[in-house]
Amino acid sequence: MLEFIYNFRETCKLSCILTSQSELEQETVNWCRQILRNSPMAIRVLKSALNAAEDGHAGLQELGGNATHIFYGTEEAKEGKNAYMEKRRPDFSKFPRKP
């Protein structure tokens, strides 16, 4: 669940504000921490979706397999659903992160 969404103007302002390498690096780390709060399997599916066009049929097959895996009720999916229903932040820390 994203906590904030940037529109185009806000993104342009942000890029103008970050003037030093250290500021850029810190902001990158913050974004990475935001991403890592999400489901490891969802991150994996997103990664395969971003790479699918470059990987051809194999990439599409991986994307389809990962999406099907989520759809058919992994423990990770159940945690996400339960957290949503209970109006709490999901705890995906107990699930392994695979490449």
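Quantities reported herein were computed from a predicted structural model and do not represent experimental measurements. Note that the numbering runs from 1 along the sequence shown for the chain.
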Minimum heavy-atom separation for [X] and [Y], please, with both atom names.
X: Asn38; Y: Ile43; answer: O-CD1, 3.9 Å
X: Asp91; Y: Glu79; answer: N-OE2, 2.9 Å
X: Pro96; Y: Pro40; answer: O-CB, 3.7 Å
X: Pro90; Y: Gly80; answer: CB-CA, 4.5 Å

Interatomic distance, [X] atom [atom1] to [Y] atom [atom2] [nearest 0.5 angstrom]:
X: Leu60; Y: Asn51; atom1: CG; atom2: CG; value: 11.0 Å
X: Glu25; Y: Thr28; atom1: CD; atom2: OG1; value: 7.5 Å
X: Cys32; Y: Glu27; atom1: SG; atom2: CD; value: 10.5 Å
X: Gln61; Y: Asn66; atom1: CD; atom2: CG; value: 10.5 Å
X: Leu46; Y: Ile35; atom1: CG; atom2: CD1; value: 8.0 Å

### Query
So, Glu76 and Lys81, do they make that salt bridge, N to O below 4.0 Å?
no
### Task
Run the numbers on Glu75 and Phe95 for side chain to side chain contact (heavy atoms under 4.5 Å, CB included), then give the verdict.
CA-CA 9 Å; Glu75 289 299 316; Phe95 301 105; 3.8 Å; yes
### Query
So does Glu86 have more than 12 non-hydrogen atoms from other groups sitting under 6.0 Å from CD?
yes
### Query
Do Asn30 and Gln26 meet the criterion of a side-chain donor-acceptor pair at a distance under 3.5 Å?
yes
